[in-house]
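Data block below; observations after.
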Amino acid sequence: MAQTIADHPDRLLPADPGVRDIARALFSRVEGLPIISPHGHVDAAVIEQNTPFPDPAALLVTPDHYVTRLIHAGGATMDQLGLGNQPADSRQVWRHFCEAWPAFEGTASGYWIRQEFAHVFGLAEEPSGQNADQLYDALQAKLSEPGFRPRELFKEFNIEVLATTDDPLDSLDSHAALQADPAFAGRVLPTFRPDQYLNMAHPAWQENVERLLGSAGEGATGYAGYIKALESRRRHFVERGAVSADHGVFTPATLKLDDGEAERLFERGRTGQASARDRDAFEAHMLYQMARMSVEDGLVMTIHPGSFRNHHAPTFEAFGADTGHDIPVAVNYTEAIRPLLQDFGTAKDFHLVLFTLDETVFSRELAPLAGFYPSVYLGAPWWFLDAPDAMLRFRSAVTETAGFSRSSGFIDDTRAFCSIPARHDTARRIEASFLARLVAEHRVTEERAHELIVDIVDASPRRVFKL
C-alpha cells in the first residue's frame, strides 16, 4: 500500500534537506516522551467509568466545534450535524462530515483527523461521500473492541498527566476514584474553572452564587461568605489533586476594590440592579481576587481571554453555547493585567500563564511581560492558533524577547480525546523545526538545541504547572 501523507516521517518538518535532517534528529529526542496535558476538557467520568465511545459521529464530529463550524460554513444545518434538540441519525451526521472533507484540507483540524485515522484507527482511505458508510462501519468495529476503551487508549497514547476543567461545585468523585484505583497508573487532575460564578453577566450567575453560598459558605452571607465559599472550594480541588485554576474571560482586565465597594457591587448583582459597568468592574475585581487566592493556595492561574462568545445570536438561542460561533477579538494585556501584577507579579511561587487569541500581543505585550515578571509564563498558541504555522509564528514572535524558558509547554485544550496524541505530535515537530532553523543559522548549537527541545516538551509543563 502506498505511503499516505499521514504516515510520512517528515510531515511538518522543514522542506530544506539540511535543516530537515537537523529537525529529524531533534524530533527523535522527544517523539516518545510521555504526554503532559495540563489543560483540557475531557470528562474525567469517561475515563473513570471506561465508557465506550458510542459511534464515529459522536466521537469525531458532533462534540468538536472545530469540525462542525466548517461543515456549517459549507451549508449544513446544525440539526444535520446533531446539534439540535432532536436526536440525529449518527450515520447521516457522519455522511455530512465525509462529504465536507475537502473543506478541511490545509486546516489544523483536518491534519489532526487524518492523523487519528492513520495512527489511532489504522485507516488509510480519505473520507468522501462515496465511502462514508464504509468508513463508518470500519470505525464502529474499532470502537467496539476492548482496546478502544478510554483507559486502554490513555495508556496507548502514553499520557502521563491529563487535566480536566471542572465546575467549582463539582464533587470530583471521578477524580477521587481514579486516584484510588491501583489499576490506573495515570494522573487525571481537576482544574478549578469559576467563570460562571464570577461573571455577573452570565445568565445563571445569581443562581450559581446562591448554590455556592449554600454549599460552601460555612454559614457566612453576603460578599464575605461568597469569598469564603470560593476559597473553600479551591481547597477541595487542591485536596483532589488540582494544580491550576483556569479563567475564560472576555478581557484580562483586573481591578483592586476595597471590601466595601466589592460588597456594594455584589449586592447589586444579587438583586438584579447591576449595570454593565458594575458587572465589568466586579469581574475584574474577582480576577484580581483569584490571583490573591492563587498566591495563598498555590494553584497555577491561567487566563484565556479574547473570545466573543456566541457571536450569532440566533444560533445560540436555538442550539446553545459551544456550537462553533465564538470569534476572537483584540486583547489589551499590558494595562489590563497591571493591577494584578503590581501586587502579585513578583510574589514567591505564584505562576500566571497568559494565553491569547490575538497574535499581535505575542511580541508586543506577552513576551515583554514574561521577560520581566517572575510569575508570568507564555501560554502556548490556543484554539484558533494551535495550528502548525501559527505555532511557528508564536515561537518567532516571543523567543527573541523571552527565550524558551518562559513558556508553558504545549496545551492541547481539547474535548476530542482521540486527537490528543496528534496534537502533541504536531507541537513537537514544530518545536523541532524552529530549533533546527536556529541551528542551521548558527544561532544555537545542535547540542544545546537537543537540550532545549526536551525542556520545552517535558520539563516546561512540569515546571510551570508544578507537576
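Only this structure's heavy atoms are used, side chains among them; waters, hydrogens and symmetry mates stay out. Fair warning: this is a prediction, and the values are worked out from it, not measured in the lab.
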Taking the six-membered ring for Trp, is the centroid-to-centroid distance between H39 and H304 below 6.0 Å?
->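 Yes, ring centres under 6.0 Å apart.
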For the aromatic rings, using the six-membered ring if either is Trp, is the centroid distance between Y226 and Y197 under 6.0 Å? no
List in chain and number order the residues that pass side-chain contact (heavy atoms from CB on, under 4.5 Å) with [X], two or more places apart in sequence or in another chain; answer none if no residue qualifies.
X: R462; value: P34, I36, E160, D458, L467
X: P374; value: T346
X: A330; value: D358

Closest heavy-atom pair, K466 versus D349, reported as atoms and distance to 0.1 Å, is NZ-O, 2.7 Å
What residues form a salt bridge (Lys or Arg N to Asp or Glu O under 4.0 Å) with [X], not counting sequence neighbours?
X: D386; result: R423
X: D455; result: R463
X: R240; result: none
X: E283; result: none

### Task
Would you check if the side chain of R20 reaches a backbone N or O of A15 as a donor-acceptor pair within less than 3.5 Å?
yes
Any ring pair (Phe, Tyr, Trp, His ring centres under 6.0 Å) pairs touching [range], not counting sequence neighbours?
range: residues 409-437; answer: F157-F417, F410-H424
range: residues 158-180; answer: none
range: residues 437-467; answer: none

Margin query: Can you tell me if K155 has over 12 outside heavy atoms packed within less than 6.0 Å of its NZ?
Written below: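 12 or below, so no.
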> For E156, does the CD atom have more than 12 heavy-atom neighbours from other residues, nucleotides or ligands under 6.0 Å away?
Replying inline: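 No - once you tally the heavy atoms of other residues, nucleotides and ligands closer than 6.0 Å, there are 12 at most.
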- request: For side chain to side chain donor-acceptor pair (under 3.5 Å), just list the numbers for S171 and D173, CA-CA rounded to whole Å, side-chain angles, deciding distance to a tenth of an Å, and then say yes or no.
  value: CA-CA 5 Å; S171 68; D173 287 345; 3.1 Å; yes
**OP:** Report the C-alpha separation of S407 and R395 in whole Å, then their side-chain angles, then the decisive distance to 0.1 Å, and conclude whether the side chain to side chain donor-acceptor pair (under 3.5 Å) test is met.
**Re:** CA-CA 10 Å; S407 57; R395 274 290 168 217; 3.2 Å; yes
*asked:* Any non-hydrogen side-chain atom of L435 less than 4.5 Å from a side-chain atom of F404?
replied: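 They are in contact (side-chain heavy atoms under 4.5 Å apart), so the answer is yes.
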Do L198 and H247 touch side chain to side chain, with heavy atoms closer than 4.5 Å?
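The answer is yes; the side chains approach within 4.5 Å.
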Sequence neighbours excluded, the answer for side chain to side chain donor-acceptor pair (under 3.5 Å) partners of T426 is none
- Task: With side chain to side chain donor-acceptor pair (under 3.5 Å) as the test, would you mind laying out the steps for S90 and Y136 before giving the verdict?
- Result: CA-CA 9 Å; S90 62; Y136 185 97; 2.6 Å; yes
task: Could you list all the salt bridge (charged side-chain N to carboxylate O under 4.0 Å, His left out) pairs where at least one residue sits in residues 137-148, not counting sequence neighbours?
output: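 Counting only pairs at least two positions apart or across chains, the salt bridge (charged side-chain N to carboxylate O under 4.0 Å, His left out) contacts touching residues 137-148 are R91-D137.
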